[in-house]
Student: 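Below is the structure I would like to discuss, written out as structure tokens.
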4 protein chains.
Amino acid sequence: MQAPSESPGTGEQQADEVRSGRDATVTRRALVRAARRRFATDGYRATTVRQIASDVGVNVALINRYFGSKEGLFEACMNRTVDELDTANRAPVVGIDDVIGRLITHVVESPNADDPLQLLLLLRSSGDENADRIRRRTLESFTRRLAGAAGWSTGDPGTEHLLVRAQIAMATMLGLVMLRTSTGVQPAASATSDDLTGPLGEVFRVLLADPGSASRA
Amino acid sequence: MQAPSESPGTGEQQADEVRSGRDATVTRRALVRAARRRFATDGYRATTVRQIASDVGVNVALINRYFGSKEGLFEACMNRTVDELDTANRAPVVGIDDVIGRLITHVVESPNADDPLQLLLLLRSSGDENADRIRRRTLESFTRRLAGAAGWSTGDPGTEHLLVRAQIAMATMLGLVMLRTSTGVQPAASATSDDLTGPLGEVFRVLLADPGSASRA
Amino acid sequence: MQAPSESPGTGEQQADEVRSGRDATVTRRALVRAARRRFATDGYRATTVRQIASDVGVNVALINRYFGSKEGLFEACMNRTVDELDTANRAPVVGIDDVIGRLITHVVESPNADDPLQLLLLLRSSGDENADRIRRRTLESFTRRLAGAAGWSTGDPGTEHLLVRAQIAMATMLGLVMLRTSTGVQPAASATSDDLTGPLGEVFRVLLADPGSASRA
Amino acid sequence: MQAPSESPGTGEQQADEVRSGRDATVTRRALVRAARRRFATDGYRATTVRQIASDVGVNVALINRYFGSKEGLFEACMNRTVDELDTANRAPVVGIDDVIGRLITHVVESPNADDPLQLLLLLRSSGDENADRIRRRTLESFTRRLAGAAGWSTGDPGTEHLLVRAQIAMATMLGLVMLRTSTGVQPAASATSDDLTGPLGEVFRVLLADPGSASRA
DNA sequence: AATGAATGAGGTTTCATTCAT
DNA sequence: GATGAATGAAACCTCATTCAT
């Protein structure tokens, strides 16, 4: 849907990363935001630091000055995403239905470029062992939080199977976000909230809220 | 200390792509197979044509001779994947349970690198507009086949919602395959057939076989 | 993981270049001293102005403010070295044995980084034509002073050969200083005063004090 | 005497490195020769691989293809120099006078750019720990060979002092070669064989052939 | 007077591709 | 038909320097 942009020098994204002028903090943040979008959209290898710098409107050297390297910038993106996920989930979890609602919201709003989950789409290794470890850990922590809301507690063998179920739920969400955003597959790409809420609710409930109900049918 | 480069055996994958000597057709096929594995494992950008040529044991220039360019080779990989999926699905679809079983099998066996579906996982694989279109079309055709098995028929408004449901099922499968293969997230990466069959069956059934059952509960 | 760069303490040398606060003259001198050490130790190209500024604890921009450019700073170092050599040699030259003793002392104490001769070690230090001329002139003046102590007088053809002999003596000194300091070759690097005084004395005497004695043997 | 060549794009040296056309061995050798000259003249850091490639008339990428990196090329230069020194010294050593004659020849012919000793002038560290070790080892081995010709034998405490004496002789040679070639100091730079042979002979003899003679005088 | 922010030029390296043998 | 040699474009990064505050 959006052009893939191997083409040199087009740069279709540099739109709204405005900087006020000479404030390092602002520039850093703008760089991270632009980078996250590029990384999520085009992948680590295909993204060039020149693109990112040009998106923000600064010189390439600033990236190395602030983040040391392309990998450093990537890790900064990961960390920022982790932070956002953390604060987003610091809200009290009232119940499993609450969590399910959030999952659905994530999917529905995913074409929104700023959704931090987009970064998680980088399921393919970046070549940077460190960043890959961060990503793996983040996904696993997300899994545990989900499983916890469904009743899993550490070390309780009776609830161990909920970990796998939570991860399947997460996989569903990730897969759909992927199809909707980068791949642009129909009908997922243009499905509305109404189209998705119903079936997604069934899936998440059968996995997390009412395990075994389907087979009981 | 000296120049490293060309020596065969740098990569870890060049194992079984043996060539029988000087048969152009055989070499072509071997190149496509090796390329697909590399592309699926490392991504388009991170894969170098030298790796692929070295895996097969031929000169790099052959790739350009046979396929014109790296992109040409990638498209050949996509087309081959489409072909294999087609012939694999030419078998008569006896029922929805049959299809669900196949989906589960895909997920369970996904760590085996030769699954043709893996190539479809590449988020924005190449920047090659053509290959992207092929992948999109393949995924949509896969969706329709799945929906068809669940009762969807072209142009029947009453079954239109099954398309979205089928695509959610596909997303679940793709997401899980990703987690299991490239990301290596636990517990998905090491989950056994027994761990997965149950919950996956519930999800796929609630989506395709028994729509609405969960909400009826 | 984050940007490394600027933190003071990266290098190993920033030790005793303390500044007393905000005195331009003091800062200038501290910069020259730190720079000379870096240039002598690491070479012109390998030395970065950021290192030097960090050694002294001031902002990088000051170097350009005070010296115009990196080359300007280098020339300031050269000039300072020339000055120090001049004042050091303003002491009356009592005799050739005195001079020989000083040469030996230079070699023996050369591992002490502050010996201004180290700067002369920079073979083709900067690519700065101006600095190169300064160095060449300094070395030639040093040669003449040495030859003068051995009996050479300007324009006297009968003592002209003493210039070459003096320069050979200087070359011996420079070569040894190099081996002892930057190259770290054994046994020169760890040779003591006792090890060196004897043979060096013979060499310098045969060159400057008693020309032809060896061949007379 | 030759311009130092920070200036971009001049390249005063690319003269006689002619290649026949498409022979890798020839090209490799030409690269090593050109590189050695540049490294010896300008130093490791100041030499750019673009210059070297341009001297030979090939593309820069070839350097990385053949030698892996700039450091690899530098090490190849070192190794080649070591080889040449080895074969040059494989000739039977008839006596100490023979060796002394060779030392003098080295100095006299040093302005000749192809003298392998020029590389040893890089007494300043290249930043490559490996190359530095090779260089140190080469210098020490050279010292031992020289000392051996003067009567030193491993483990004999009575001849141990000859090691230092041999190294002083080497330092004299290196220092003079340096002054004659890269620094261009007068009168060393333009001294003829007649000017040098006499005094150098005295120095080397007093160090190696007749230790103590001068002090006996 | 002095600092932190930002720039631009240039260096090494990688890689797909083309050229001759 | 196939191979090794060689090229050119582009990527990341470093560093001296200049710009505003």
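Chain identifiers are assigned alphabetically (A, B, ...) following the order of the sequence lines, protein sequences preceding nucleic acid strands; residue numbering begins at 1 within each chain.
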Student: Mind checking salt bridge (Lys or Arg N to Asp or Glu O under 4.0 Å) for C:Arg28 and listing every partner two or more places apart, or none if nothing turns up?
Tutor: none

Student: Does any part of the side chain of D:Leu31, heavy atoms only, come nearer than 4.5 Å to the side chain of D:Phe67, both counted from C-beta?
Tutor: yes

Student: Do A:Thr47 and A:Phe74 have side-chain heavy atoms sitting under 4.5 Å apart?
Tutor: no

Student: With rounding to the nearest 0.5 angstrom, report the OG1 to CD distance, B:Thr41 to B:Gln51.
Tutor: 10.0 Å

Student: Compute the bend angle of the helix from E:dA2-F:dT21 to E:dT21-F:dA2 from the end axes (five pairs per end), rounded to 10°.
Tutor: 20°

Student: Does the side chain of B:Lys70 reach to within under 4.5 Å of the side chain of B:Ile63, using non-hydrogen atoms?
Tutor: no

Student: Measure the distance from CG on A:Asp23 to C1' on F:dA20 and round it to the nearest whole Å.
Tutor: 13 Å

Student: Rounded to whole Å, how long is the line connecting atom CG of C:Asp42 with atom P of F:dC15?
Tutor: 12 Å

Student: Across the strands shown, which category fits A:Thr47 at heavy-atom distances under 4.0 angstrom: base, sugar-phosphate, nothing?
Tutor: sugar-phosphate

Student: When you get a sec, tell me which of E:dA6, E:dT12, E:dT17 is the closest nucleotide to the side chain of A:Thr27?
Tutor: E:dA6

Student: Can you name the nearest heavy-atom pair linking A:Asn64 to A:Ser69, along with the distance?
Tutor: OD1-CA, 3.7 Å

Student: Under 4.0 Å between a side-chain N or O of B:Asn59 and OP1 or OP2 of F:dA2?
Tutor: no

Student: Between A:Asn64 and F:dC13, does any side-chain N or O lie under 4.0 Å from OP1 or OP2?
Tutor: yes

Student: Measure from the side-chain heavy atoms of D:Val58 and tell me the nearest of F:dT18, F:dT7, E:dT17.
Tutor: F:dT7

Student: Where the side chain of C:Thr48 is defined as all heavy atoms beyond and including C-beta, which of E:dT7, F:dA16, E:dT3 is the nearest nucleotide?
Tutor: F:dA16

Student: With a 4.5 Å cut-off on side-chain heavy atoms, are B:Glu71 and B:Tyr44 touching?
Tutor: yes

Student: Any salt bridge linking A:Arg135 with A:Asp132? Criterion: basic side-chain nitrogen under 4.0 Å from a carboxylate oxygen.
Tutor: yes

Student: Map C:Tyr66 and B:Lys70 onto DNA chain E by nearest heavy atom, then report which one ends up closer to the 5' terminus.
Tutor: C:Tyr66

Student: Please classify the nucleic acid contact of B:Ala61 as base, sugar-phosphate, or nothing, using heavy-atom distances under 4.0 Å.
Tutor: base

Student: Atom CD of C:Gln51 and atom P of F:dT14: how far apart are they, to the nearest Å?
Tutor: 13 Å

Student: What is the distance, to the nearest angstrom, from the CZ atom on D:Phe67 to the C1' atom on F:dA5?
Tutor: 14 Å

Student: Nearest-Å distance, CZ (C:Arg38) to C1' (F:dC15)?
Tutor: 15 Å

Student: Check the distance between F:dA2's P and B:Leu31's CG and give it to me in whole angstrom.
Tutor: 11 Å

Student: For DNA chain E, whose closest nucleotide is more 5', that of C:Arg65 or that of D:Arg45?
Tutor: C:Arg65

Student: May I have the distance from A:Leu62 (atom CG) to F:dC15 (atom C1'), rounded to whole angstrom?
Tutor: 14 Å

Student: Taking atom C1' of F:dC15 as reference, at what distance in whole Å does atom OH of C:Tyr44 sit?
Tutor: 12 Å

Student: Across the strands shown, which category fits A:Val60 at heavy-atom distances under 4.0 angstrom: base, sugar-phosphate, nothing?
Tutor: nothing

Student: When you match D:Ala24 and D:Arg50 each to their closest nucleotide on DNA chain F, which lands nearer the 5' end?
Tutor: D:Ala24

